[in-house]
Amino acid sequence: AVHLCLAMAAISGRNTPTESLSGDGVDKDPRTKLLRKASFAPSTYDPDILVLKPEDVVEFKKQAHADAVRNLQDDLRKLVSTANTNERESVMANCYNFLLLFQQYLSESGSKIDWSKINPPPEGMIQRYNQLPGLKDPARITETLRKVAVVKLNGGLGTSMGCVGPKSAITVREDLTFLDMCVQQSQTLHELYGVDVPLVLMNSFNTHKDTEKLLRKYKAVNCSLIAFNQSKFPRIYKEALRPMPVDCENESEWYPPGHGDLYESLHQSGVLQKLIDEGKEWIFVSNIDNMGATVDNNILGYIDAHPECEFIMEVTDKTKADVKGGTLIDYEGTLRLLEVAQVPKDKLEEFKSIKKFKIFNTNNLWIKLSAIKRLVEQKTIHMEVIENAKTLDDGSKIIQLERAVGSAIKNFSNPVGINVPRARFLPVKKTADLLLVMSNLFTVRQGTLDMSPKRMFPEMPLIKLGDPHFTKVKEFLQRFDSIPDILELDHLTVSGNVTFGKNVVLRGTVIIIANHGDRIDIPAGAELENKIVTGNLRIVDH
């Protein structure tokens, strides 16, 4: 397309739409200089004139990027003008931050990590959880807890599991939702130590209104509940690099830009300064659907003993189920998060190897508030931009520009990773995860899941439940008269139209496959150990 444009400009001898001529006939538009490099007279035709030199390509890309930024700037101004008066300031701030993100996206597009500079983190950068002494003195625990606030990333909906509204409103077990359990955890800390450990929710525009309603039922709890909204950015068309929305009304044309938005939104909302004014020094950040992410005494002991540390990332040992998880690396002497999106295609298998990259990021993060304030206000916090490409129902290709909260680790002083037990990473992304946390592998104590001491192995069972019969929470629950006993389960695969009676026990490796048109009813009280069940098995009440 570039060659064609240059050729057409040369052959026609006319000014192209990109030329901007001054009154004295001198062209001041740098793009015209590039175009005129291809001008030639027919008598002096040289076929090599259509081949762009490297410096020409760079100049063209720079100008194309500048055009894209200017066009977006104009579009964003128009978007701001459509906002209601009471929302205009917020829309303007969002559009400004999006413009900065867009500029970074263009300037860094095509840049790749140098694989030869990647090394495993050196000794001392990854601490072993079981070697941390923790805090023994109750007074010291209380004093350290006074400096901590808990931040839950609450921007996601439950639509992938067939639920309406915020994911945090899904019932997990014993009629408790994710949000109920988080509130119970903060309330328990207050009851045990007499300190207020605020629960802070970072909502998106998708979850904000419903979460406000849910918070009303906690008026009597003895802990502070704070909510703020993350940014709201416009989706953009992939080819044109222009925003989808023409006004602020259609929310499907906007998106929340991932959890990397935490730092800016925490600062912009005023919550960062509020927490600092209240004497808080650290925030413990995690996804609200991670049932294992609780305030931990061992890690409290580490931040108490290491005031120079500004960032802690909890990592855990990688299994074959975690091969796509981000990992910590040493890159030119700096601790960095390496995400799968940054890995060259020819290095993917190496990245997935458990031998070289043995740990992965749980997204449980402990971050110093004063450091966030410093980096945001100095505008020195850098995170890689993730291009999240999507295809809409009408076939339109759009992109969402996002960043990962953990990728900011490289900006903080003296960061470390702590290799924690797998029990601190219990995310509920699918109904298979829900089966795990609802089972007798765990008991609930004051909003916290504790693994049963009867479990003989530290590893979690690998559970796969097939689509479409188990995808949605409602259908999933209808297929179990009661959740099976899985204390001794290693692996479970279920596919097709399968139901479970009461008091079923599953041990070892169990595979149950009902072919199309068949149905398998596992009878009440059945005990399956290292079994494959296929075919058709119906149990009819009479």
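No hydrogens, no waters, no symmetry mates; every other heavy atom, side chains included, goes into these values.
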request  = Can you measure from CE (Met202) to CG (Asp261) and round to the nearest 0.5 angstrom?
outcome  = 6.0 Å
request  = With rounding to the nearest 0.5 Å, note down the distance linking NZ in Lys280 to OG in Ser224.
outcome  = 7.5 Å
key: Candidate pair Glu387 and Tyr105, rule side-chain contact (heavy atoms from CB on, under 4.5 Å), full reasoning   = CA-CA 8 Å; Glu387 179 187 309; Tyr105 165 70; 2.6 Å; yes
inquiry  = Looking at Glu174, I want to see if its CD is surrounded by more than 12 non-hydrogen atoms of other residues, nucleotides or ligands under 6.0 Å.
reply    = yes
query = Just by distance, with hydrogens left out, do Asp180 and Thr177 show a side-chain donor and acceptor under 3.5 Å apart?
reply = yes
message = Minimum heavy-atom separation for Asn497 and Arg479, please, with both atom names.
response = OD1-NH1, 2.8 Å
message = For a 4.5 angstrom cut-off between non-hydrogen side-chain atoms, does Arg424 reach Thr294?
response = yes
request  = Find out whether Thr319 and Arg422 are in side-chain contact, i.e. whether some heavy atom of one side chain is under 4.5 Å from a heavy atom of the other.
outcome  = yes
query = Any donor and acceptor pair, going by atom type alone, linking the side chain of Lys167 with main-chain N or O of Val428 inside 3.5 Å?
reply = yes
ask   = Are any non-hydrogen side-chain atoms of Trp254 and Pro245 less than 4.5 angstrom apart?
value = yes
task = Measure from NZ or CZ of Lys347 to the centre of the six-membered ring of Phe357 and say whether it is under 6.0 Å with the direction within 45° of the ring axis.
result = no
query = Just by distance, with hydrogens left out, do Asn206 and Tyr255 show a side-chain donor and acceptor under 3.5 Å apart?
reply = no
ask   = Heavy atoms, side chains only, cut-off 4.5 Å: are Glu253 and Arg235 in contact?
value = no
request  = Report the C-alpha distance between Asn154 and Thr211 in whole Å, list the side-chain angles of each, state the deciding distance to 0.1 Å, and finish with yes or no for side-chain hydrogen bond (donor to acceptor under 3.5 Å, both in side chains).
outcome  = CA-CA 9 Å; Asn154 186 46; Thr211 301; 3.1 Å; yes
ask   = Stepwise, does the side-chain contact (heavy atoms from CB on, under 4.5 Å) test hold for Asp433 with Met161?
value = CA-CA 11 Å; Asp433 304 320; Met161 296 173 69; over 6 Å; no
inquiry  = Looking only at the side chains, is there a donor atom on one of Asp296 and Tyr129 sitting less than 3.5 Å from an acceptor on the other?
reply    = yes
message = Distance check, rounded to the nearest 0.5 Å: Lys472 atom NZ versus Asp467 atom CG?
response = 11.0 Å
Flag side-chain contact, heavy atom, 4.5 Å: Trp366 against Leu300 = yes
query = When rounded to the nearest 0.5 angstrom, what distance separates CG in Leu215 from CG in Leu225?
reply = 6.0 Å
inquiry  = Quick one, Leu401 and Phe233 - any side-chain contact, counting heavy atoms below 4.5 Å?
reply    = no
query = Would you call Leu328 and Met125 a side-chain contact if the rule is heavy atoms closer than 4.5 Å?
reply = no
key: Nearest-0.5 Å distance that lies between atom CE in Met313 and atom OG1 in Thr362   = 8.0 Å
ask   = Taking Asn94 for the side chain and Val91 for the main chain, is one N or O donor matched with an acceptor at less than 3.5 Å?
value = no
query = What's the verdict on side-chain contact (heavy atoms from CB on, under 4.5 Å) for Leu492 and Leu435, showing C-alpha distance, side-chain angles and the deciding distance?
reply = CA-CA 11 Å; Leu492 172 66; Leu435 174 60; 4.1 Å; yes
